[in-house]
Amino acid sequence: MDVEIEVPSHFLCPISMQLMRDPVTISTGITYDRVSIERWLFTCRSRICPVTNQPLYDAVLTPNHTLRRLIQSWCTINSHHGFDPIPSPKKPVDKSEILKLIQDAKRHPEKQIKCLRRMRSIAQWSDGNRSCMEECSSDAVEFLTTVVLNENNADSVSEACDEALIVLHHLSLTDLQMRKLVNDGESGFIDALLRVMRSGTIRSRSHTMVLLRSLLEVADPAQLAAIKPDVFQETARILKHGLSFPPHTIKASLELVVETVRWGRNRIKAAESGMVSVLVELLIDTRERRLCELVLVALEQISRCAEGRAELVEHAAGLAAVSKKILRVSHVASDRAVRIVCLVCRFCGSFRVLQEMVEVGVVSKLCLMIQVDCNERTKERVKHVLGLHSRVWRDASCIPAHLLSSYPSLENVN
């Protein structure tokens, strides 16, 4: 009498409900059979985890070797019940296959999309395949950048460009390769990336931002100082819709701002792009330490120009959002927040602004700062701010009486 053997549920692919032959894990932590999840991601072009319904910010498929060995052992034990041993996983590709894909895409434009999909699949498979791709990275990067440069549709990003950006995102470009892309002014690669950021999908804009951040990291100061205002405008758009993008894209966007606003007139460009308002809103919404620090560093740099300070004080929550992070995030965040307040007090210290500082708690935070253990230079800045406007604040009852009695050192701040 035949005995029916039940396959363990964790051996079954959640999509096909069949025994997995090449189990891979995606970013949500769920394991699927490679064939099924590749069809879901690349043929159906879905970016949602089938089990959790969570958005997928990348399509990296990580082989689950432990589960595969367990399935192999189970199949061997139950071979007499008709379960054949599962075949070995796909062998790593070699350099010749990648070069052939590039040649086919160049010679036969109608095959370009198919070749790019294959290259993307290779780049995402495993470290071994990525290493093989990087062995011929010179040819690959030249081909992929050409695809991006040929993007002329102002209304949307073509599938070919989207696929090329994904592959570039997964490749580890050398500093030399990135400098070539930045320095080759005739190629207009930065302009091409900006076109993608204006009209691309969430995914393509995310990959483009990370790539642009890496490119500007190797640029020289003269190139950074000459950066186009569009860079700040498109970066502000991404930060404004931060919940739609993966965390690493938001981090890359903030790092780009911090890196570029230190040079030339970029502070003015950033202020005119609406960046200050976007950063204030992000500061209100985020609690992650590193993001708070990056936002405050960017705000402090932009506040060094009159346009940046004007945008900050005009924002209804600008001063309140900055002061709220004092003594609540880190020493770095507190120091940057105090610098911002100091800049506002020195150059925008109108009665309205000083009164707002009392109402939103800025003055109270400053009073606390001189009583706690913090950087001495930061404490000196605090004392300078309190001394700069103590007469106005006292005359207008800006410092509550209980603070004056609790912190008598304020009497000697002048």
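Just so we're clear, the structure is a prediction, and the values are computed from it rather than from any experiment.
Salt-bridge formation is not detected for the pair Glu380/Arg377: no Lys NZ or Arg NE/NH1/NH2 atom is positioned less than 4.0 Å from an Asp or Glu carboxylate oxygen. Salt bridge status for Arg237 with Glu234: present, with a side-chain N to carboxylate O gap under 4.0 Å.
A search for side chain to side chain contact (heavy atoms under 4.5 Å, CB included) contacts involving Glu356 returns Leu319, Arg352, Val360, not counting sequence neighbours. Annotation: side-chain hydrogen bond (donor to acceptor under 3.5 Å, both in side chains) contacts of Arg205 (sequence neighbours excluded): none. With sequence neighbours excluded, the residues that form a side-chain hydrogen bond (donor to acceptor under 3.5 Å, both in side chains) with Lys228 are Asp191.
When all heavy atoms of Ile250 and Ile238 are compared, the closest pair comes out as CD1-O, 4.1 Å. Of all the heavy atoms in Asn266 and Leu224, the pair that sits closest is ND2-O, 2.8 Å. The two residues Ile326 and Val338 make their nearest non-hydrogen contact at CD1-CG2, 4.3 Å. The minimum heavy-atom distance linking Val278 with Ala236 is given by the pair CG1-O, 3.8 Å. Closest of all the heavy-atom pairs between Cys345 and Val385 is SG-CG1, 3.5 Å. Of all the heavy atoms in Met209 and Ser253, the pair that sits closest is CG-OG, 3.3 Å.
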- Take Val313 and Val344, measure what side chain to side chain contact (heavy atoms under 4.5 Å, CB included) needs, and give me the verdict at the end. CA-CA 8 Å; Val313 298; Val344 171; 3.7 Å; yes

- Query: For Leu144 and Met119, what are the C-alpha separation, side-chain angles and deciding distance, and is it a side chain to side chain contact (heavy atoms under 4.5 Å, CB included)?
  - Reply: CA-CA 10 Å; Leu144 295 169; Met119 290 179 68; 4.3 Å; yes

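Sorted by first and then second residue, the salt bridge (Lys or Arg N to Asp or Glu O under 4.0 Å) pairs with a member in residues 327-350 read Glu300-Arg336, Asp335-Arg339, Asp335-Arg381; sequence neighbours excluded. For residues 204-253, the set of pairs meeting the ring-ring contact (aromatic ring centres under 6.0 Å, His included) definition, not counting sequence neighbours, comprises His169-His207. Sorted by first and then second residue, the salt bridge (Lys or Arg N to Asp or Glu O under 4.0 Å) pairs with a member in residues 276-287 form an empty list; sequence neighbours excluded.
At most 12 heavy atoms of other shown residues, nucleotides or ligands fall within 6.0 angstrom of atom CZ in Arg265. In Arg262, the CZ atom is crowded: over 12 heavy atoms of neighbouring residues, nucleotides or ligands sit closer than 6.0 Å. When the shell of 6.0 Å around NZ of Lys379 is examined, it contains more than 12 heavy atoms from other residues, nucleotides or ligands.
Interatomic distance, Asp104 CG to Arg118 CZ, rounded to the nearest 0.5 Å: 12.5 Å. Atom-to-atom distance recorded for Ser277:OG and His315:NE2 is 4.0 Å, nearest 0.5 angstrom. Atom OG1 of Thr286 sits about 8.5 Å away from atom CG of Leu254, to the nearest 0.5 Å. To the nearest 0.5 Å, atoms OG1 (Thr145) and CG (Leu193) are separated by 10.0 Å. Note that CZ of Phe11 is 12.0 Å distant from OG1 of Thr31, once rounded to the nearest 0.5 Å. Of the inter-residue distances, the one linking Thr174 atom OG1 with Leu176 atom CG reads 5.0 Å to the nearest 0.5 angstrom.
For Lys325 (side chain) and Ala333 (main-chain N/O), no donor-acceptor pair under 3.5 Å exists by modelled atom type.
In this structure, Leu312 and Arg309 have side chains that are not in contact, with every pair of non-hydrogen atoms separated by 4.5 Å or more.
In this structure, a donor-acceptor pair under 3.5 Å is present between the side chains of Gln301 and Arg267.
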